[in-house]
Amino acid sequence: MNRTMARLHREPTPHTDWCARDHRCGINEHRAPDVEAREVGGRAWLTRTRAGDVEYAEVRVRIPLHSTETGARWQLALTLRLIRDLLTAVAVRPGITPRAGRPAVDSSRTRPAIRRAA
(Lines give C-alpha, C1' and ligand atoms only; values in the text may rest on other atoms or scores of the structure.)
Protein backbone atom coordinates (compact mmCIF):
# COMPACT_ATOMS: atom_id res chain seq x y z
CA MET A 1 0.00 0.00 0.00
CA ASN A 2 1.47 3.32 -1.09
CA ARG A 3 0.66 6.16 1.27
CA THR A 4 1.64 9.70 0.54
CA MET A 5 1.50 12.46 3.06
CA ALA A 6 -0.47 15.54 2.23
CA ARG A 7 1.60 18.68 2.12
CA LEU A 8 0.30 22.06 3.06
CA HIS A 9 1.49 24.97 1.03
CA ARG A 10 1.29 28.39 2.55
CA GLU A 11 2.30 31.53 0.78
CA PRO A 12 4.75 33.64 2.79
CA THR A 13 3.43 37.03 3.81
CA PRO A 14 5.60 40.14 4.08
CA HIS A 15 6.51 41.58 7.47
CA THR A 16 4.34 44.43 8.72
CA ASP A 17 5.63 47.71 10.16
CA TRP A 18 4.72 46.54 13.67
CA CYS A 19 5.81 42.88 13.67
CA ALA A 20 8.73 41.74 15.82
CA ARG A 21 10.62 40.23 12.84
CA ASP A 22 12.04 37.42 14.98
CA HIS A 23 11.16 33.91 16.21
CA ARG A 24 7.56 35.04 16.93
CA CYS A 25 6.82 35.31 13.21
CA GLY A 26 6.04 32.25 11.11
CA ILE A 27 5.80 31.79 7.36
CA ASN A 28 2.32 33.29 7.20
CA GLU A 29 1.85 34.72 10.69
CA HIS A 30 3.38 37.88 12.09
CA ARG A 31 3.36 38.89 15.75
CA ALA A 32 4.21 42.15 17.47
CA PRO A 33 6.17 42.21 20.72
CA ASP A 34 3.88 41.63 23.72
CA VAL A 35 2.57 44.62 25.64
CA GLU A 36 2.31 43.80 29.33
CA ALA A 37 0.04 45.29 31.98
CA ARG A 38 0.87 44.55 35.61
CA GLU A 39 -1.77 45.43 38.11
CA VAL A 40 -2.51 44.50 41.71
CA GLY A 41 -4.93 41.78 40.60
CA GLY A 42 -2.69 40.02 38.09
CA ARG A 43 -0.98 40.46 34.73
CA ALA A 44 -2.13 40.62 31.13
CA TRP A 45 -0.35 40.51 27.78
CA LEU A 46 -1.66 41.92 24.51
CA THR A 47 -0.18 40.85 21.18
CA ARG A 48 -1.10 42.19 17.75
CA THR A 49 -1.12 39.33 15.26
CA ARG A 50 -1.63 38.93 11.53
CA ALA A 51 -2.41 35.53 10.07
CA GLY A 52 -2.73 35.58 6.29
CA ASP A 53 -4.76 38.70 5.54
CA VAL A 54 -6.56 38.89 8.92
CA GLU A 55 -5.31 40.95 11.88
CA TYR A 56 -6.42 40.34 15.42
CA ALA A 57 -5.49 41.02 19.04
CA GLU A 58 -4.50 38.11 21.24
CA VAL A 59 -4.98 38.60 24.98
CA ARG A 60 -3.50 36.40 27.71
CA VAL A 61 -4.33 36.99 31.37
CA ARG A 62 -2.93 35.55 34.60
CA ILE A 63 -5.11 36.14 37.64
CA PRO A 64 -4.26 34.63 41.03
CA LEU A 65 -7.34 32.78 42.27
CA HIS A 66 -8.74 32.88 45.78
CA SER A 67 -7.79 30.00 48.08
CA THR A 68 -11.41 28.93 48.58
CA GLU A 69 -13.44 27.20 45.89
CA THR A 70 -16.29 29.68 46.30
CA GLY A 71 -13.97 32.66 45.93
CA ALA A 72 -12.17 31.14 42.92
CA ARG A 73 -15.47 30.34 41.18
CA TRP A 74 -16.68 33.89 41.76
CA GLN A 75 -13.45 35.26 40.22
CA LEU A 76 -13.76 32.95 37.21
CA ALA A 77 -17.40 33.88 36.63
CA LEU A 78 -16.61 37.60 36.90
CA THR A 79 -13.61 37.20 34.58
CA LEU A 80 -15.78 35.53 31.93
CA ARG A 81 -18.45 38.24 32.21
CA LEU A 82 -15.86 41.01 31.89
CA ILE A 83 -14.25 39.29 28.89
CA ARG A 84 -17.67 39.15 27.22
CA ASP A 85 -18.10 42.86 27.98
CA LEU A 86 -14.66 43.55 26.49
CA LEU A 87 -15.46 41.60 23.31
CA THR A 88 -18.72 43.52 22.94
CA ALA A 89 -16.97 46.87 23.50
CA VAL A 90 -14.21 46.30 20.94
CA ALA A 91 -16.28 44.53 18.28
CA VAL A 92 -16.01 46.02 14.80
CA ARG A 93 -19.36 47.40 13.77
CA PRO A 94 -20.01 48.35 10.14
CA GLY A 95 -20.53 52.07 9.65
CA ILE A 96 -18.98 53.05 12.99
CA THR A 97 -15.47 54.46 13.08
CA PRO A 98 -13.44 55.54 16.11
CA ARG A 99 -13.01 59.26 16.70
CA ALA A 100 -9.82 60.66 15.20
CA GLY A 101 -7.23 62.15 17.52
CA ARG A 102 -8.32 60.09 20.54
CA PRO A 103 -6.01 57.11 20.98
CA ALA A 104 -7.35 54.24 23.05
CA VAL A 105 -4.35 54.42 25.35
CA ASP A 106 -2.82 57.76 26.19
CA SER A 107 0.24 57.12 28.33
CA SER A 108 0.87 60.86 28.79
CA ARG A 109 -2.16 61.13 31.07
CA THR A 110 -2.05 60.02 34.66
CA ARG A 111 -4.84 58.18 36.36
CA PRO A 112 -7.40 60.46 37.97
CA ALA A 113 -7.36 60.63 41.74
CA ILE A 114 -10.09 58.70 43.48
CA ARG A 115 -12.23 60.95 45.64
CA ARG A 116 -14.15 59.46 48.50
CA ALA A 117 -17.40 60.90 49.73
CA ALA A 118 -17.02 62.82 52.98
Side-chain angles (χ1 to χ4, degrees):
M1 182 197 267
N2 184 7
R3 292 186 178 196
T4 58
M5 293 181 64
R7 294 181 186 248
L8 297 175
H9 177 73
R10 296 184 177 144
E11 291 296 323
T13 57
H15 288 288
T16 65
D17 291 338
W18 47 260
C19 81
R21 291 181 170 81
D22 61 13
H23 66 278
R24 290 170 269 213
C25 294
I27 191 166
N28 71 336
E29 181 179 81
H30 297 280
R31 303 172 69 78
D34 292 341
V35 177
E36 182 177 14
R38 291 181 183 220
E39 298 296 330
V40 175
R43 296 177 6 180
W45 298 267
L46 177 69
T47 307
R48 185 175 179 177
T49 304
R50 181 177 192 159
D53 60 351
V54 178
E55 289 190 21
Y56 58 93
E58 180 179 286
V59 181
R60 296 182 319 279
V61 180
R62 181 169 289 188
I63 303 166
L65 294 177
H66 196 273
S67 59
T68 67
E69 186 64 18
T70 302
R73 285 177 179 255
W74 176 84
Q75 285 178 286
L76 292 167
L78 180 59
T79 300
L80 183 58
R81 184 183 64 102
L82 293 173
I83 288 173
R84 286 180 177 145
D85 291 347
L86 173 66
L87 292 173
T88 300
V90 300
V92 175
R93 293 178 180 89
I96 298 176
T97 57
R99 293 185 207 173
R102 294 188 63 184
V105 178
D106 184 353
S107 60
S108 65
R109 291 178 40 182
T110 59
R111 292 184 179 186
I114 297 173
R115 296 182 185 232
R116 299 182 190 265

J.: Distance check, rounded to the nearest 0.5 Å: Arg43 atom CZ versus Arg38 atom CZ?
T.: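 One finds 4.5 Å between CZ of Arg43 and CZ of Arg38.
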J.: Using every non-hydrogen atom in the two residues, find where Tyr56 and Ala51 come nearest and quote the distance to one decimal.
T.: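 Smallest heavy-atom distance, with atoms named: CE2-CB, 4.1 Å.
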J.: Please give me the minimum heavy-atom distance between Ala57 and Leu46, naming the atom from each residue.
T.: CB-CD1, 3.9 Å
J.: What pairs of donor and acceptor atoms, side-chain ones from residues 72-83 against any protein atom, are under 3.5 angstrom apart with sequence neighbours left out?
T.:
{"from": "Arg73", "atom 1": "NE", "to": "Glu69", "atom 2": "OE2", "distance (Å)": "2.9"}
{"from": "Gln75", "atom 1": "OE1", "to": "His66", "atom 2": "N", "distance (Å)": "2.5"}
{"from": "Gln75", "atom 1": "NE2", "to": "Pro64", "atom 2": "O", "distance (Å)": "3.1"}
{"from": "Thr79", "atom 1": "OG1", "to": "Gln75", "atom 2": "O", "distance (Å)": "2.7"}

J.: Look at the side-chain heavy atoms of Ile, Leu, Val, Met, Phe, Trp and Tyr, link any pair under 4.5 Å apart, and say whether Leu86 and Trp45 land in one connected group.
T.: no
